[in-house]
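Chain letters run A, B, ... following the sequence lines, proteins first and then strands; every chain starts at 1.
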Amino acid sequence: MRSREADVLSPESRVRGPAAAAVVGKYWAIFRTQLVNSLAYPIDLLGRSLAIVLFMWIFMNLWRVTYGATGASSIAGLTLADTMWYLMMAEAVMLSKRDLSETISEQVKDGSVAYLLNKPFNFILYHFAAGLGHSLLSFGGNLLIGSGIVWLMVGPPPGIMGWLFAGVAVALSWLLDFCFSTLIGLSAFVVEETNAFRWIYQKFLLLLGGVLIPLDFFPAWLQTISLNLPFAWIIYGPARLFVDPSLARLGQVLLQQGIWLAVFGGIVWVTYRRAVARLVINGG
Amino acid sequence: MGRQLSFLLALWKTNLLSAMEYRVSFLTQVVGMMLNNALYFVFWIIFFARFEEINGWDLVDMLFLFGVVATGFGAGTYLFGNAIRLSSLIAEGLMDYYLSLPRPVLLHALASRSNASSAGDFTYGLFSFGAAIYFSGSFNGLMLLRFALGCLAAMAVLVSFLVLVQSLTFWIGNTSLLTASAFNAIVTFSLYPITLFDGTAKLVLFTLIPAAFIGALPAEFVRKFDLLQLVQICAGGAIFLLLAVFVFYRGLCRYESGSAIQVRM
């Protein structure tokens, strides 16, 4: 029996069917396969989502004490409840994004990249489709558990518009993060060790992206720097939009994400072309 | 005892020589990890620039805390690198190699591997301690002694805790998720001021997830001598170490060999 996935992945179907539909179809099949694969281990998925409980509990203790010490009901326009819901969304994005840099760099280093390059799909888009399948389920699990615990601690979440606006921004966040992950992974074509780049990128996200602390709490000069860097639009943008879902903010977040996506998407494309051109495969 | 120590030294020397074969990779990981830790610490600099102190803890306390945790963690996971992958050694039947040699199984398994990035943690910890001394303006020989003792105790508790959690593999099979969660929990909790947590949470941090023995307790002891804290640190280290050894060897009786052919390079 031939599955729908086999049909869309086979080279002949690419030739027969309409080009655009076939292209979308095969990446959809990769996305679906990863989604189904993740669903096969629901306990594992749920278990990994428990990490958000740990972080939310620590954040609650930290910010409850901090708000208590200042004696103010809001800091930089955010109440304790706003801060906790912001942090929940920031952590959900951070914990569910698929770090593909390690996978790609391992494939470059052990040579298995050669196996993927001769398949009838684009190496980069293949990883993106597979990563998205993983992230979507993981994000759902993190949101479910994270929302439950934060609701218990500080009360109900922001309104429906917050969820909708943040949802759109999160999709673009993953795309932007994917560009960074791919660049780090592709750096294995040039350097021996890519772990250091990965760690530092993650710390940029934690700090300048606003995972550990909302950028609103930064001193003005650091806030200006952070908002002019792409990291803020991977985490801070969607999370802040979640607690303050105005149309003006949505426009600002999408514009920034669009600009950075164009810049880094271009860099990824050029880097990938150059990396493949200098790839030497010996034997099989 | 002397024989085991010279065996350990020989293992560590071999690990170091092996790392030096890939010098650039080793140095990249060391420097990268130091930068990684420094960037993480910037959070606390920003935090205390705005809020000054939380429940009696200030930036200098955090420097002491990061000094002890990073040094203890770095030393533990560098010298006993397999402490973070013991569960996969057990689950995949890779303990056969250590069982077939006339050396203490646990010690041999743990020290057979070193993580290059851990050397970066260790070095960062020393820098953090140096910065803590500079900004606190207080230093004497005894503080150095207390720092060494605090780091040693932190290392003992961390490695013991990892061994304890992963020894459960002997009974329940795959514990990769549990190990990852336990590892995350102990490292994360150890890097926050203990004064943030209330009574029940504190009890958890001294028992189930003994992060207090890795971070806050030795950090406070390094800053100022306290006899009770000294006793707590020594007792905590000894108890967790003995418990880990006991549970590991009890579990080892249940170990099933994979009979796989293993190649060590």
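Ring pair B/Phe197/A/Trp57 is tilted by interplanar angle, where 30° to 60° counts as tilted.
Contact annotation for B/Leu39: both backbone and side-chain heavy atoms come within less than 4.5 Å of a heavy atom of chain A. For A/Tyr201, no part lies near chain B; criterion is any non-hydrogen pair under 4.5 Å. Neither the backbone nor the side chain of B/Trp57 comes within contact range of chain A; no heavy atoms are under 4.5 Å apart. Looking at B/Ala180, there are no atoms closer than 4.5 Å to chain A (heavy atoms on both sides), in backbone or side chain. In this structure, chain A has heavy atoms under 4.5 Å from both the backbone and the side chain of B/Phe43. Residue A/Leu208 does not touch chain B at all, counting heavy-atom pairs closer than 4.5 Å.
Comparing B/Thr28, B/Leu35, B/Asn36 by heavy-atom pairs within less than 4.5 Å of chain A, the highest count is held by B/Asn36. Interface check for chain B: of the options A/Ile213, A/Leu62, A/Leu206, the most heavy-atom pairs under 4.5 Å are formed by A/Leu62.
Here CG of A/Asn195 is found 8.0 Å from OG of B/Ser25. Values are rounded to the nearest 0.5 Å. Rounding to the nearest 0.5 angstrom, the gap separating the CH2 atom in A/Trp199 from the CE atom in B/Met34 is 12.5 Å. Here CG of A/Leu222 is found 5.0 Å from CD1 of B/Ile46. Values are rounded to the nearest 0.5 Å. Expressed to the nearest 0.5 Å, how far OG1 of A/Thr66 lies from CD of B/Glu53 amounts to 11.0 Å. Rounding to the nearest 0.5 Å places CZ of B/Phe51 at 5.5 Å from CZ of A/Phe217. Within the model, atoms CG of A/Leu207 and CD1 of B/Ile45 stand 9.5 Å from one another, a figure rounded to the nearest 0.5 Å.
For B/Arg50 against A/Ala76, the heavy-atom pair with the smallest separation is NH2-N, 4.3 Å. Residues A/Ala196 and B/Gly32 share a closest heavy-atom pair of CB-CA, 3.7 Å.
Aromatic ring centres of B/Tyr192 and A/Trp63 lie farther apart than the 6.0 Å criterion allows.
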Show the numbers, then the answer: is there a side-chain contact (heavy atoms from CB on, under 4.5 Å) between B/Phe47 and A/Leu212? CA-CA 10 Å; B/Phe47 185 90; A/Leu212 293 175; over 6 Å; no
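Within a 6.0 Å radius of CZ in B/Phe127, no more than 12 heavy atoms belonging to other residues, nucleotides or ligands are found.
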